[in-house]
Amino acid sequence: MDPLSACLLLLTCLADFSASETEWGGAVEESSYGPSLVQIVGVNVVTVGIPYGFQCIADCYPDCKYTWTRGNVTSQGPELSFQLLHVVPTQILSCTVSNSETGDSSTVQKTLQVTAGPSNIQISGPTYLTYGAESIFICSASCYPTCSFSWTVSWERQTLSKAQGSNISVTPYTGTVLEENLICEAMDTVSHLYISSFLSLPVASISDISIVGDSTVTMGKSYTFTCYAACYPSCSIVWKYMGKTYEGNQVQIPIYHPGDEKKFACHLEITFNDYTKIEPLTCEATNTISHSISTSVRNLTVIDPISVHPSSTGLPTGERPFSLQCVGSQNPASITWLWNKLPIPASERVLFSSDNSTMTFNPLLHTDDGLYQCVVADGGPPIQSVGYQMQVNYGPYGVGISGGDILTVGVLYHFNCSVDCYPACLLTWTWGNVTSHGPHFSLQIEELIPPQLLTCTAVNPLIGVKLAGEETIQVIAGPTNIQISGPGFLTAGVASNFSCSADCYSSCSYSWALTEEGLMIKTAQGNTISVTPSTSVNNVFETLTCTAQDTVSHLSISSSLSLPVASISDMSIVGNRTVTLGQQYTFSCYAACYPSCYIIWKYMGETFQGDNIEIPILDSAENKTFSKRLEITFNDYFKSEPLTCEAVNTLSNATVSLTVNLTVVDPFSVRPTTQAPPVAGEPFSLQCMGPQEPATITWLKNKHKMSARERVHFSPDNTTITFSYLFRADGGVYQCVVVEDGPPILSVGYLMQVNYGPDAVSILNPYGGPVGGLMYAQPGSTIELQCVTTCYPVCSISWFYGGLLLATNSSISFTPVAPPYTTPLTCVALNPATKHNFTAEITVGVSDGPKNVVIDGPASLEIGVTATLTCSADCSPSCSFQWTVYGKTMTGSVIDITVNRYISEESISCQAQNTFTGNTATTNETLSVSDPQWCGC
């Protein structure tokens with residue numbers, strides 16, 4: 001019983017006792033209390049599929065009511081049981097305790113961690129172990145959240161090893177172990193529940209393999225060999241001999257002691273027919289489970305009772321008879337002869353005895369060399385004899401001389417004599433009255449002689465046969481007198497051409513090599529070459545070699561030239577890069593030259609000479625360095641002016657120049673006295689800035705000297721020039737020339753650009769013609785106009801149409817809007833510097849009509865009475881009018897007509913025509929005619 005249960009029991013007993021006392025004693029009552037000390041008793045981790053029980057306890061009087069909540073599930077009572085059927089998130093278990101009398105309540109919670117498994121445990125890997133080999137096994141199981149794995153390897157209830165992790169590597173303990181047990185245990189890392197799996201693994205092994213049988217065998221006899229192998233669980237055994245595989249009968253030997261492996265034996269019976277002095281016999285055992293292989297080899301010494309020997313006296317010699325005999329067979333059923341393992345048929349030259357025991361060559365040729373054997377059948381399988389290696393003595397054949405047939409005077413030549421002969425022939429050379437022995441002969445001719453024979457005679461020392469070979473030798477002279485023509489020096493970066501010539505019979509071929517300090521730079525073929533030294537060359541000499549080779553004798557001769565490389569490099573100018581007018585500066589020019597250079601200076605179109613010195617050579621591989629100094633006083637001002645040093649090589653006359661840009665600082669300048677810009681018609685002053693105590697100041701405009709005049713004035717010290725009012729023509733570059741202690745110094749100039757305008761503004765058509773004060777356009781048409789003015793700086797142009805901004809370009813293209821039919825168009829030119837403006841304006845009209853043509857006048861006419869008629873129309877610009885009366889035409893807007901004949905009515909028409917567009921409109925009127933004098937009689 002746990003302490004909490006004991007406490008509850010004690011409280012219950014005391015409560016009963018108090019009740020009894022009340023019953024016995026009468027009026028003793030206890031007041032209600034709680035709940036307090038509420039808690040949930042049970043586990044903190046639950047596993048899917050396992051039922052669990054929990055108890056809720058509290059201190060409460062008179063009694064308590066218990067309500068459980070888990071997710072959306074509620075239940076009543078102090079105890080709760082549940083079982084999870086699948087993995088869910090962490091569960092919150094709540095117990096609410098309420099006092100049935102007071103209604104007070106208290107809630108407590110427990111967090112349950114959910115796990116699953118372990119289950120579905122599996123061990124993956126091979127179904128057996130192999131002695132001496134490593135086997136890998138993998139254990140897997142279903143766990144939530146994760147599993148840990150442990151391994152145990154045992155044999156006969158003895159633990160061999162343990163390991164952690166999902167993988168294990170197993171190597172059998174010893175070769176005598178026949179089986180090992182593998183156990184994997186998977187444990188849930190939270191619930192610590194576990195499950196295990198078991199594998200019993202046989203150990204596949206092969207050991208103690210051996211061959212039992214004779215080690216020396218005789219050809220033609222049968223022998224039995226037995227192969228033993230200790231295998232578990234079993235082995236298959238094969239034999240191998242002379243490239244062939246044999247099967248034998250296999251038996252299983254019983255186990256004599258517990259723990260021993262089964263032994264397998266394989267018997268092989270073999271008859272030896274092929275002869276080799278020593279041949280390996282191999283037994284190969286293969287484990288039926290692991291397929292591992294173990295072999296045992298026994299070297300057999302084979303004795304052959306049959307052999308081949310010569311039956312002729314003397315050595316085998318070409319062109320003579322020779323016989324071989326098969327020895328060792330007592331009663332052969334048949335004899336077959338082999339040459340180099342191939343059967344030999346009879347021929348006119350190859351004969352066999354009646355029993356085939358003897359083979360005769362008549363005659364023997366040197367091509368009959370080879371291995372001879374006889375194969376004997378003597379009641380059993382055929383037996384191949386020990387072979388006889390026949391070497392035929394022959395020759396000499398094919399005497400040849402090598403070493404050339406054309407010799408050059410003064411050159412040592414070596415000749416070789418070759419011959420086909422066995423044994424080696426004795427060789428003798430003959431050249432005129434000179435003889436020599438051996439395969440080699442050397443010859444050097446000192447003068448031209450006629451063609452002559454060189455003879456080599458070969459003698460076979462065994463059979464005394466001789467044979468001679470001859471070569472006709474021709475004697476020539478050359479190559480000689482080789483010469484290289486070309487310049488005596490090279491120039492860095494410049495191509496130089498060279499040619500090579502020599503005396504040869506009958507012609508020469510030429511090759512070139514250019515080297516620098518032994519390093520090959522260039523090679524070429526032919527009698528000419530072009531050489532261009534690198535501009536970065538560090539050495540002052542390059543070596544050019546020409547080799548001339550005789551095309552017949554292939555002898556060669558060479559000639560070399562050591563060519564100095566005329567070069568200029570590493571030029572530099574030392575001196576200030578920023579100079580001030582009026583001051584003197586010294587500049588030095590350095591150049592690395594070979595063999596030497598002279599140096600000149602160039603500045604502002606002039607050439608200067610300076611003192612020239614040679615700096616000592618510091619290293620034998622370096623060029624001499626030359627220096628030139630220049631002293632110059634700067635009097636002319638340019639913001640940036642190039643100073644050039646030019647080095648000329650005294651050998652090649654090649655020229656290299658280096659230029660630096662000098663920034664020239666002028667201490668004097670011309671500036672306006674005010675911030676206001678120069679404007680035409682207004683005063684303006686300039687001041688010569690910089691002079692401290694000038695002796696004189698002179699003013700220049702555009703390099704021309706200025707003098708005072710009516711509107712141009714100078715201050716007493718000439719430092720200031722004042723214009724009473726400016727003209728446009730006053731624009732230009734103004735400078736002051738200052739003389740102090742030294743030569744005159746020209747100041748930095750001031751470019752004065754006089755601001756003026758606009759003077760007048762004109763509106764022009766695209767062709768440059770004026771448009772007048774009024775212009776018309778047809779409805780929907782586009783008008784192109786230009787606004788022209790004279791202005792500095794360039795004026796800004798603004799167009800206004802009907803008082804609204806239309807465009808800000810000097811040229812416009814727009815379509816007038818109607819109505820209204822006339823609108824003002826204004827061009828305004830504004831000088832951005834002076835803020836002066838000028839305006840030009842025209843009126844743009846849009847043509848309209850004629851329309852609403854009307855004839856005004858009397859409604860009727862009287863004979864003899866003059867009537868006035870007026871024709872009007874709405875028209876822009878104006879219209880002209882044409883009348884048709886009495887069949888005649890009249891013009892004008894007003895006409896007077898008089899009817900002089902009696903008619904009842906008169907037809908009148910008026911046509912209005914737009915004077916700009918030519919459009920017309922017509923109206924017709926019919927007027928009645930009356931006669932006031934007519935009485936009607």
Side-chain angles (χ1 to χ4, degrees), residues 218-221 272-279 301-400 417-428 437 439 456-469:
T218 301
M219 290 188 64
K221 294 183 179 181
F272 294 89
N273 300 319
D274 295 325
Y275 172 70
T276 54
K277 290 184 177 180
I278 296 178
E279 184 69 23
T301 301
V302 182
I303 299 173
D304 194 338
I306 312 298
S307 62
V308 173
H309 297 284
S311 60
S312 300
T313 59
L315 297 173
T317 301
E319 308 302 331
R320 298 178 184 177
F322 192 76
S323 298
L324 295 174
Q325 186 176 7
C326 184
V327 179
S329 176
Q330 302 300 323
N331 298 302
S334 66
I335 297 177
T336 305
W337 286 86
L338 302 179
W339 174 61
N340 294 333
K341 300 294 184 179
L342 298 176
I344 305 173
S347 65
E348 292 181 359
R349 193 176 60 84
V350 180
L351 307 173
F352 296 97
S353 63
S354 58
D355 60 355
N356 271 14
S357 63
T358 302
M359 178 175 61
T360 301
F361 299 89
N362 190 14
L364 186 65
L365 302 179
H366 75 279
T367 55
D368 292 327
D369 285 346
L371 177 66
Y372 289 86
Q373 295 171 283
C374 58
V375 180
V376 178
D378 193 4
I383 299 174
Q384 193 176 99
S385 73
V386 177
Y388 169 72
Q389 185 70 43
M390 183 166 66
Q391 177 65 59
V392 179
N393 301 283
Y394 63 90
Y397 301 126
V399 178
C417 185
S418 60
V419 62
D420 188 9
C421 190
Y422 188 86
C425 281
L426 302 177
L427 303 177
T428 301
H437 300 285
C456 174
T457 302
V459 179
N460 191 308
L462 187 63
I463 59 178
V465 178
K466 67 171 61 177
L467 183 66

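FYI, the numbering just counts along the sequence from 1. Keep in mind that this is a model prediction, so the values were computed, not measured.
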Distance (rounded to the nearest 0.5 Å) between Q373 CD and L324 CG = 12.0 Å
ask   = Is the backbone of L371 close enough, under 3.5 Å, to the side chain of N340 for a donor and an acceptor to pair up by distance?
value = yes
key: Listed partners of Y422 passing ring-ring contact (aromatic ring centres under 6.0 Å, His included), at least two apart   = none
inquiry  = Whether the S307 and H309 side chains hold a donor-acceptor pair (N or O, under 3.5 Å, no angle test) is what I'd like checked.
reply    = yes
key: Any pair counted as salt bridge (charged side-chain N to carboxylate O under 4.0 Å, His left out), so long as it reaches residues 311-323, sequence neighbours left out   = none
Any side-chain donor near an acceptor of the partner, D420 and Y394, under 3.5 Å = yes
message = I want to check something: taking the side chain as every heavy atom from C-beta on, are W339 and M390 in contact at a cut-off of under 4.5 Å?
response = no
ask   = Can you list the residues that meet the side chain to side chain contact (heavy atoms under 4.5 Å, CB included) rule with A377, with sequence neighbours excluded?
value = S334
ask   = Considering only heavy atoms from C-beta outward, does the side chain of C374 approach that of V308 to under 4.5 Å?
value = yes
ask   = Within the distance-only criterion (no hydrogens, no angle test), does the side chain of N460 pair as donor or acceptor with the backbone N or O of V465 below 3.5 angstrom?
value = no
Reported CG-to-CD distance for the pair L338 and Q384, which is rounded to 0.5 angstrom = 5.5 Å
ask   = Looking only at heavy atoms, what is the nearest atom pair of S357 and I335, with distance?
value = CA-CD1, 4.0 Å
message = Measuring only between side-chain heavy atoms, which start at C-beta, is S385 closer than 4.5 Å to V375?
response = no
ask   = Taking side chain as C-beta onward, heavy atoms only, is H366 less than 4.5 Å from Y397?
value = yes
request  = Measure the shortest side-chain to side-chain distance between C456 and T428 over non-hydrogen atoms and say whether it is less than 4.5 angstrom.
outcome  = no
request  = Starting at CD1 of I278, measure out to OG1 of T301 and round the result to the nearest 0.5 Å.
outcome  = 5.0 Å
inquiry  = To the nearest 0.5 Å, what is the distance between CG on L364 and CG on L315?
reply    = 11.0 Å
request  = Applying side chain to side chain donor-acceptor pair (under 3.5 Å), name anything that partners N362, two or more places apart in sequence or on another chain.
outcome  = none
request  = Please identify each residue that fulfils side chain to side chain donor-acceptor pair (under 3.5 Å) with S312, with sequence neighbours left out.
outcome  = none
Backbone of N356 reached by a side-chain donor or acceptor of W337 within 3.5 Å = yes
task = Could you pull out the closest heavy-atom pair between A458 and P396, with the gap in Å?
result = O-CG, 3.5 Å
Distance (rounded to the nearest 0.5 Å) between H437 NE2 and L426 CG = 9.5 Å
message = With heavy-atom distances below 4.5 Å as the criterion, would you say the side chains of T358 and S311 are in contact?
response = yes
inquiry  = Side chains of P310 and Y388, heavy atoms from C-beta outward: is any pair under 4.5 Å?
reply    = yes
key: Value rounded to 0.5 Å, distance of CE in M359 from CZ in F352   = 5.5 Å
query = Is the shortest heavy-atom distance from the side chain of L427 to the side chain of V419 under 4.5 Å?
reply = yes
query = Between T317 and N393, is there a donor-acceptor pair closer than 3.5 Å when you use the side chain of the first and the backbone of the second?
reply = no
message = Per the salt bridge (charged side-chain N to carboxylate O under 4.0 Å, His left out) rule, what does the pair list look like for residues 349-372, sequence neighbours excluded?
response = R349-D368
message = Could you report the tightest heavy-atom contact between V399 and G469, atom names first, then the distance?
response = CG1-N, 3.6 Å
